[in-house]
Amino acid sequence: MPELPEVETVCRGLKPILEGQRIARLTLRRKDLRIPFPQGLAQTLTGHRVMRIARRAKYILLHMDDDHVAIIHLGMAGRMQIVDPATPLEAHDHVIIVTDSGAEIRFNDPRRFGLMTFTTEAALDSHKLFAHLGPDPMGNGFNAPFLVAALKGRKTAIKLALLDQRIVVGIGNIYASEALHRAGISPKRRAGTVTLARAEVLVPAIKQVLQDAIAAGGSSLRDHVQPSGELGYFQHAWRVYGRAGEPCPVCATAVTRLVQGARSTFYCRVCQR
DNA sequence: CCTTGAACCTGCGGGC
DNA sequence: TGCCCGCAGGTTCAAG
């Protein structure tokens, strides 16, 4: 899944193809993904121009010329692919978007954990999907005092707290492990025990790892591909994720894998406290 | 309110 | 070769 850096990369890749272009045709090849496509989705977007493409949390937003906003989430394995229209359809190509200029984009999502829906500009902030989200980690609103306050009293592990989109958005399973390693904080530490001093290290670590990943064009696991079809290469820069048994890049201790909330965590038990 | 666990769905790699 | 198992980037819902 695309975490914040991958979604950001997808947005940037779609920008030159979609922004300013009119949607000539939008085809839904099934009736739902994680949630049903809403009534009128295709009709609402067809014939309208995409004025601006933006990321909010891990969602892609298409701001249309008529006050509507298309909302897309890539789930765990979703991809937006810019293709030659002559390319044969593949399994799991669920949504096809064709612009007036003839460009074609296919939303492919094998696991169907993604979604596509729409709302209006006026209803965007209070939309069910966005109403309870925390701040964007790349913004000024996400800082050490804020994080300490958000974690106050929480007994859950810091790793799980970082995955909680109500606290801060955009961080997923890979970057949670990576940020905690960079900050020297154990993923098992109770969230409420993260002091201001530790948060002053963790917050910049989160911003930096996300920024580094964006600069590298995102990570690519078995599924993630940039809209251009190129692979992101940040996975080569992972320090602990997926590296159980390999030496910690800081102290050479073997990286440990553990399970938290039914998901893998990777960390160094020596230099992360 | 918080925390935990299960559920959604498909594909892939490893072990036998 | 084929089958079974575990695992995979996220979110949401129910239950305690």
Side-chain angles (χ1 to χ4, degrees), chain A residues 1-11 29-37 55-60 71-80 90-94 107-117 127-134 137 149-179 187-193 206 209-210 213-214 216-227 231-238 240-245 257-266:
Chain A
M1 129 275 121
E3 302 182 33
L4 183 153
E6 290 71 40
V7 178
E8 183 65 33
T9 298
V10 169
C11 285
R29 303 190 63 247
R30 54 175 296 125
K31 67 178 192 334
D32 60 10
L33 289 178
R34 193 178 87 216
I35 59 173
F37 292 122
R55 176 189 61 76
R56 180 177 294 200
K58 298 175 191 170
Y59 294 86
I60 298 164
I71 302 168
I72 297 166
H73 194 285
L74 301 175
M76 290 276 254
R79 295 176 300 165
M80 299 295 284
E90 291 179 13
H92 315 301
D93 280 340
H94 304 308
F107 178 10
N108 182 288
D109 181 8
R111 297 179 70 178
R112 305 205 299 273
F113 285 173
L115 66 84
M116 181 166 180
T117 187
H127 191 282
K128 187 179 166 186
L129 294 170
F130 304 123
H132 305 293
L133 294 179
L151 299 179
K152 191 172 192 297
R154 291 220 168 208
K155 292 180 180 163
T156 193
I158 182 65
K159 156 73 163 16
L160 294 174
L162 293 181
L163 294 179
D164 186 339
Q165 305 293 298
R166 295 169 303 182
I167 292 174
V168 56
V169 304
I171 302 171
N173 205 39
I174 294 173
Y175 298 108
S177 282
E178 291 297 310
K188 295 191 285 191
R189 172 175 287 278
R190 283 185 177 206
T193 72
I206 289 167
V209 72
L210 296 176
I214 291 169
S219 299
S220 92
L221 291 180
R222 54 183 64 78
D223 297 317
H224 184 71
V225 182
Q226 296 184 40
L231 299 174
Y233 52 90
F234 191 75
Q235 74 275 15
H236 301 301
W238 293 340
V240 288
Y241 185 83
R243 298 193 184 279
R257 172 185 180 271
L258 72 138
V259 175
Q260 293 179 289
R263 318 198 61 193
S264 292
T265 299
F266 298 88

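No experiment lies behind these values; they were computed from the predicted model shown. Just so we're on the same page: letters track the sequence lines, and every chain starts at 1.
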*Distance between P atoms of B:dG5 and C:dC7 (Å, rounded)*: 16 Å

Using OP1 and OP2 only, check whether a side-chain N or O of [X] sits under 4.0 Å from [N].
X: A:T156; N: B:dT4; value: yes
X: A:K155; N: B:dT3; value: no
X: A:H92; N: B:dG11; value: yes
X: A:H73; N: C:dT11; value: yes

Shortest non-hydrogen pair, A:M76 vs A:P2, comes out as O-CD, 3.6 Å

Output a table of nitrogen or oxygen pairs between the protein and nucleotides 7-9 of chain B separated by less than 3.5 Å.
| residue | atom | partner | partner atom | Å |
| --- | --- | --- | --- | --- |
| B:dC9 | O4' | A:R111 | O | 3.4 |
| B:dC9 | O3' | A:R112 | NH1 | 3.4 |
| B:dC9 | O3' | A:R112 | NH2 | 3.1 |
| B:dC9 | O2 | A:R111 | NE | 2.9 |
| B:dC9 | N3 | A:R111 | NH2 | 3.4 |

Checklist entry - For the side chain of A:D93 and the backbone of A:N108, is there at least one donor-acceptor N/O pair under 3.5 Å apart? => result no

Under a 4.0 Å heavy-atom cutoff, the residues of residues 157-165 of chain A touching DNA chain C are A:Q165

Dot-bracket for DNA chain B, 5' to 3', Watson-Crick and G-U pairs with both distances under 3.5 Å, [ ] for crossing pairs, | for partner on another strand, reads .|||||||.|||||||

Partner of A:F266 under ring pair (Phe, Tyr, Trp, His ring centres under 6.0 Å), picked from A:Y175, A:Y241, A:W238, is A:Y241

From CE of A:M76 across to P of C:dT12 the rounded distance in Å is 14 Å

